[in-house]
Each structure stands twice: as structure tokens, then as C-alpha cells.
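Heads up, the thing below is written out as C-alpha cells.
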Amino acid sequence: ARQNQSYKARRAPGRRRSKTKPAAMGTHTSEAEKEMREWCVALPKVELHAHLNGSVRNSTLLELAKELGDKGVIVFEDVKDVIMKNDRSLPECFRLFDLFHILTTDHDTVTRIAKEVVGDFAAENVVYLEIRTTPKNNEAKGMTKRSYMNAVVKGLKSVEDVDVVLFDSNLRNDEKLSCTPMTDLGDDTKRKRIYVRLLLSIDCRETTSAALDTVNLAMEMKDQGVIGIDLSGNPVVGEWETYLPALEHAKELGIPTTIHCGEVPNRKEIQAMLDFCPQRLGHVCCLDDEEWKKLKSSVIPVEICLTSNVMTGGTPSLELHHFADLYNTKHPLSICTDDSGLFSTSLSNEYYLAASTFGLSKTELFRLAQGAVEFVFADDEVKKSLRAVFERAAAERLTS
Ligand SMILES: CNc1ncnc2c1ncn2[C@@H]1O[C@H](COP(=O)(O)O)[C@@H](O)[C@H]1O
Ligand SMILES: [Zn+2]
């Protein structure tokens, strides 16, 4: 209902399909679909929009729920049904996050989920990951925003079966340029490498002072992989004026920002967000024609979250998703998961959906994945290494 009609005009004008292009969803032969899905897994990918607590595996959530159930803190059977349910409307997502936070908010668990989430992204050949999370104060657990983040960093450092590059300085020059060739990516015996950086999220439920604390914490943790600020949370809660001082403060400190924008229609807020000119924007679902024009002329890169937007009703269907218009007009964008656990998806699956829904070829998908390198918040050294990763992968593909 919150969708405006002009979306229909934004649909991809019937893109030509060559024989090698996947057909629309549902009409794949299973072999072609399987091959394309595997190709999407093997593709090196850059993930720019993933929330830590939204990316936790269901099996972990169930295990945590069982433990709390045994302690009598929650009723396991009720929580289990909620975790396994597939319906994820926008209000339901935020009720679920409150539940997830009950399950995950203690230091050891935060460390565990951070470790697992990075491992899961690396397993599907994500070569650069910006993971965002909301630092939390929780007196009962003796948790401060700082100790929460220390627990996250501990998790990133404890990943064992993958090389996690949290700081660039621990790589030699020749190592920086090395990468896993695409043909080897499916080979699990080779050690994978993933660059990981952190964004600190301001939850729009927070006060100005709490939001400022988060920005100051980001500054303090600059040498520990924290490179940006995100504004997220339930889009029907909070006022722009509350978090603006913190976003301005980030800007003054030179910390890049990315903002959840237009998950629901909100004229005033969307205008203000576009005027703020963050380094990236998430979602941009419910923009009216004027805001759409403004976005396009701003050339602010957009983090596209297909499944998330369909599930939460930000877009009426995958086919009508605004990805098509942004892609066709060459607006900078990158494909992201948002909450791979919550929405039972993966970055490979999101690429597959882009291909199968909008008729993108493998070359187009590759360019899309490669293009995301230019929008990372990490420094030029990391960008250089990532460009090399994609160049190597492209060369491998052409010669193999
Ligand atoms: C579905 N679309 C969305 N829109 C807005 N905010 C979202 C979101 N998905 C996740 N979050 C934000 O991320 C938090 C969970 O991860 P962390 O506890 O920070 O790791 C949620 O509580 C919400 O604030
Ligand atoms: Zn998000």
C-alpha cells in the first residue's frame, strides 16, 4: 500500500536475453539454475550492507534459545516457532530483532556470532565484508558499547579456517595483491581470505547523546577495523533531528556514513537524508518522483537488498524492484543481503535473483560485483587489493 505507482515505470524495459542468460524465475531448467547458482557462489563478492544480528544462522539462534529456555528465561517452543516462521513483515522484523538481542546479548555470544557470520560470508566467496552492528549498553550483563564492540572484534580475530584481514598493515605487498583465483574458489581445500571492516549502527530509537557516543566510539576504534557509521532501526520510529547531530559529528570527524533511507514513505525524512549527502544509502524503496530525481543526480551509491525489500513490503515484487531502473540508468549500486539469517538468503542468492529476475548475463553480474569495490569505505590500499582480486578472477575466467 505504501508503494507509489510510479514504480511501474521504473521497471527494466524488456532486456534482451541471449541463450546463455537465465530465464525468468520459475522457468529455469534445474540444470541451468544449478549451474548459475554455483557460478554465483564462485563469483568473488563484496558485501556492504549486512547487520550482524540479522546475519546469524537459524541453527545458532535455536541453540541459544534452547539454552535460555533451559534456564527458564524464555519459553523455547514459542521462540522456536518465531525463529522458523518465514513471514517477515517490517514490524515483525523489529519484534524479532528484540528477541534476537535477548538471545545474543552477552559478550561470549556476541564473539561467537561475529566469528560465525564472517565464516559464513567467507564460505560463499565474499572477499570484502562490511559488517554493521549497533553497540549496546546492557547493565545487567555488565556490557557497555565499548565492551560489546570489543567482543565483536574478538570474534573477528578468532576466525580460524579463513584469513581475516582486519587491518591492512599485517599484509606484505605481494600478499596484498594475491587472491584466490575464481576457478579455485569452489575448492574448499584452499584457504580463503576476506577483508572485514566494521560499521557502527545508530539505532533510531536512541537518544542524541547515545548516538553521539556511538560516533565517538567509532573514532576510538578506528585502528580496530571500524570505518563508518550506519543509521538503521525501525523506520517508523524516531526523528531525524534526534540523530542528525551525531551524523554531523561523524561528518566533521571524517567518518563515512551510510543511511537506511525510504524503507517506508516519509517525505520529510527522505529529503533530509538526501540533503545530508551520506557516502552511501541503503534501500531507497519508497521515493517519490522528485526524490528519485534528486537521488539520481546525487550519484550516491545505493545498497540494494532485493529479498529484504520484498519481504518487508518496500517493493511490491522482485520484478518491480527499483534495482532495474537504477541499474539501467547506471546509478552506482551494489547488491547486498541486509539480514541473511532473518531473510534466509545469502549474497550469492541475491546475485542469482538479480540475474534470474532482470536477465543479467554472467559478465554483467561480474561487473556488478566488481563495481562494488569502488564504494567500500576502506582505504585506497584495500581498494587496490580488491581490484586486483577481480582482475585476477576475470583473467582466470577468460583463460579457463
Ligand atoms: C529489515 N530492514 C532493516 N531496516 C532497518 N534497520 C534494520 C533492518 N535490518 C536490521 N536492522 C537493524 O539492525 C539491528 C540488528 O543488528 P545489530 O543488533 O545492529 O547487529 C536491528 O535491531 C535494526 O536496528
Ligand atoms: Zn539494513
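Indexing begins at 1, ligand by ligand and atom by atom, following the structure's order. What you are looking at is a predicted structure, and each value in this text was computed from that prediction instead of being measured. Because only heavy atoms are used, hydrogens play no part in the values below, and waters and symmetry mates are left out as well, while side chains stay in.
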Legend entry - Check: Phe323 ring centroid to Phe358 ring centroid under 6.0 Å: yes
Legend entry - Element-labelled atoms of ligand 1 that are located less than 4.0 Å from some non-hydrogen atom of His51: 7 (C), 8 (C), 9 (N), 10 (C), 11 (N), 12 (C), 13 (O), 16 (O)
Inset, instruction - Could you list which atoms of ligand 1 come closer than 4.0 Å to a heavy atom of Asn53? - result: 15 (C), 16 (O), 17 (P), 18 (O), 20 (O)
Legend entry - Heavy atoms from other residues, nucleotides or ligands near NZ of Lys80 exceed 12 (cutoff 6.0 Å): no
Inset, instruction - Verify whether the ring centers belonging to His51 and His260 lie closer than 6.0 Å. - result: yes
Legend entry - Val389 side chain reached by Arg193 side chain, heavy atoms, under 4.5 Å: no
When the side chains of residues 217-225 are checked against the rest of the protein, which donor-acceptor pairs come out under 3.5 Å, sequence neighbours left out?
unit_1: Glu220; atom_1: OE1; unit_2: Arg146; atom_2: NH1; d: 3.1

Enumerate, atom names and distances included, each donor-acceptor pair closer than 3.5 Å involving a side-chain atom of residues 341-349, sequence neighbours excluded.
unit_1: Thr345; atom_1: OG1; unit_2: Asn349; atom_2: ND2; d: 2.9
unit_1: Thr345; atom_1: OG1; unit_2: Glu350; atom_2: OE2; d: 2.6
unit_1: Ser346; atom_1: OG; unit_2: Asn349; atom_2: N; d: 3.1
unit_1: Ser348; atom_1: OG; unit_2: Lys45; atom_2: NZ; d: 3.4
unit_1: Ser348; atom_1: OG; unit_2: Glu124; atom_2: OE1; d: 2.4
unit_1: Asn349; atom_1: OD1; unit_2: Arg37; atom_2: NH1; d: 2.8

Inset, instruction - Just go through Thr312, Ile202, Thr134 and tell me whose heavy atom is the nearest to atom 14 (C) of ligand 1. - result: Thr134
When the side chains of residues 237-250 are checked against the rest of the protein, which donor-acceptor pairs come out under 3.5 Å, sequence neighbours left out?
unit_1: Thr242; atom_1: OG1; unit_2: Glu239; atom_2: O; d: 3.2
unit_1: Tyr243; atom_1: OH; unit_2: Glu239; atom_2: N; d: 3.4
unit_1: His249; atom_1: NE2; unit_2: Asn216; atom_2: OD1; d: 2.8

Inset, instruction - Could you pull out the N/O/S protein atoms under 2.8 Å of the Zn ion (ligand 2), ignoring any water? - result: His49 NE2, His51 NE2, His260 NE2, Asp338 OD1
Inset, instruction - Taking the side chain as every heavy atom from C-beta outward, state whether Leu360 and Tyr327 have any pair of such atoms under 4.5 Å apart. - result: yes
Inset, instruction - List the closest protein heavy-atom neighbour of atom 22 (O) of ligand 1: residue, atom name, distance to the nearest 0.1 Å. - result: His101 CE1, 3.2 Å
